[in-house]
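Heads up, the thing below is written out as structure tokens.
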Amino acid sequence: MDSAAPRIVLVGATGVLGTAIIELIEELGIRHREIRLVASDRSAGREIPVDGRLETVRSLADFDFAGADLVLFCTAEAVSRRYVPVARAQGALVVDSSGAYRTDPDTLLLVPPVNGHLLERPPFGVLAGPGALTVPLVRLLHCVEQYRGVRQVVMSSYQAASAQGRQGIEELLEGSELALRDPDAELPADLFRPALAFNVVPVAGRMLESGASTEEQRIEQETRRILSLPHLDISANCVQVPVVNGHAAAVFVEAALPVERAELAALLAGLPRVVVHGDRPGAFPTPLTAGDPDRIHVGRIRVVPHNPRAFWLWLIVDNLRAGAALNLLQIAEAASARRRPGAGARLR
Ligand SMILES: NC(=O)c1ccc[n+]([C@@H]2O[C@H](COP(=O)([O-])OP(=O)(O)OC[C@H]3O[C@@H](n4cnc5c(N)ncnc54)[C@H](OP(=O)(O)O)[C@@H]3O)[C@@H](O)[C@H]2O)c1
């Protein structure tokens, strides 16, 4: 047994993000002394294989966090809000995936390759990861900011059903099957309204009085905060599309100085876990064909002919893996290393 490795608790272990975390812990060989899986009463007693052993899922309602070093919350906001303080009261390092703490000034909202330096001064409050599109967006914009400065960003997203968790995937698949059988069938529309099957829905999250959606507001706020550019002119337009998993986005960036296309492509391609796809027909990435789910996939980089400071790019991110799970594990590793030198941060 590795006595320097953390005892990990994964809350929300039965959800789509929790499942992606388990896969990554196994695939990347993330060190741990033990791992406890926690979910709702509905899943208590289920057994899930982790590293070749069957782990029994426990109920959060009566779970005791004593002895845990690291607790990862992959739960909805209301659940995180209620139980994150319980885990912290037991002294655990807590990393939350939900929106519950992201705007809290005492919370560190982190994408470690961009603002991991904020972890230099423990002790920490709650550590949070941003939404799945913010992660690739800030990774790429951070590079552009250092290269030519960023003046304006306009992002249009095409977001997958898995952003709404396991139920979101089920609703899309059920609706698609029904619609194929009977084009006049009434499709389930609990999470997506109107139904997402064979449709495009121009709202993600709730609509605000301003006409923007909460998802659009969230991406704008998170991007400014993580890049430490509080006045960044950024505007997002978020659309849900009938794709099971994998977000896409078209991103327009205006830099402060003229941009050279090949130079920009080479810079982005040099970033850890970023792939720039070629220009030949069909080479651009899509949610189905992008490949490695732990990388950010970029294509169609093109400078605007009438404005050499501006360019477009197309990005694809697996919203569960590179967009969320990997970032949460990077936060956990970097923070653990700060707290307990020797725990080691290896994920880049
Ligand atoms: N999906 C994404 O692409 C993505 C990306 C970034 C961040 N996030 C955030 O990650 C969080 C989890 O999302 P998800 O997509 O994995 O959702 P999900 O598939 O619906 O999973 C939710 C998890 O929470 C558990 N849960 C529900 N109610 C609970 C309760 N009262 N007590 C304890 N556990 C409870 C569920 O357990 P049961 O199975 O027992 O119900 C399940 O394990 C959300 O805050 C989401 O915003 C998701």
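Both ligands and their constituent atoms are indexed starting at 1 by order of listing.
- For Glu215 and Gln240, the side-chain atoms include no donor-acceptor pair closer than 3.5 Å.
- Here the side chain of Arg7 pairs a donor or acceptor atom with the backbone of Gly67 at under 3.5 angstrom.
- Between the Asp294 side chain and the Arg321 main chain, no donor and acceptor come within less than 3.5 Å of each other.
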List, for ligand 1, each N/O atom that has a protein N/O partner under 3.5 Å away, with both atom names and the distance.
from: ligand 1; atom 1: 1 (N); to: Ser162; atom 2: O; distance (Å): 2.9
from: ligand 1; atom 1: 3 (O); to: Asn319; atom 2: ND2; distance (Å): 2.9
from: ligand 1; atom 1: 10 (O); to: Ser97; atom 2: OG; distance (Å): 3.0
from: ligand 1; atom 1: 16 (O); to: Val16; atom 2: N; distance (Å): 3.4
from: ligand 1; atom 1: 16 (O); to: Leu17; atom 2: N; distance (Å): 2.9
from: ligand 1; atom 1: 19 (O); to: Val16; atom 2: N; distance (Å): 3.0
from: ligand 1; atom 1: 19 (O); to: Arg166; atom 2: N; distance (Å): 2.9
from: ligand 1; atom 1: 34 (N); to: Ser40; atom 2: N; distance (Å): 3.3
from: ligand 1; atom 1: 37 (O); to: Thr14; atom 2: OG1; distance (Å): 3.1
from: ligand 1; atom 1: 39 (O); to: Thr14; atom 2: OG1; distance (Å): 2.5
from: ligand 1; atom 1: 39 (O); to: Ser43; atom 2: OG; distance (Å): 3.2
from: ligand 1; atom 1: 40 (O); to: Ser40; atom 2: N; distance (Å): 3.2
from: ligand 1; atom 1: 40 (O); to: Ser40; atom 2: OG; distance (Å): 2.6
from: ligand 1; atom 1: 40 (O); to: Ser43; atom 2: OG; distance (Å): 2.4
from: ligand 1; atom 1: 41 (O); to: Ser40; atom 2: OG; distance (Å): 3.4
from: ligand 1; atom 1: 41 (O); to: Arg42; atom 2: NE; distance (Å): 3.2
from: ligand 1; atom 1: 41 (O); to: Arg42; atom 2: NH2; distance (Å): 2.9
from: ligand 1; atom 1: 43 (O); to: Gly12; atom 2: O; distance (Å): 3.2
from: ligand 1; atom 1: 43 (O); to: Thr14; atom 2: N; distance (Å): 3.3
from: ligand 1; atom 1: 43 (O); to: Thr14; atom 2: OG1; distance (Å): 2.7
from: ligand 1; atom 1: 43 (O); to: Gly15; atom 2: N; distance (Å): 3.0
from: ligand 1; atom 1: 45 (O); to: Thr75; atom 2: O; distance (Å): 2.7

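- For Asp41, the side-chain hydrogen bond (donor to acceptor under 3.5 Å, both in side chains) partners two or more places apart in sequence, or in a different chain, are Ser59.
- The closest side-chain donor-acceptor pair between Asn319 and Ser162 falls under 3.5 angstrom.
- We find that Arg151 and Glu254 are not joined by a salt bridge, their nearest charged nitrogen and carboxylate oxygen being 4.0 Å or further apart.
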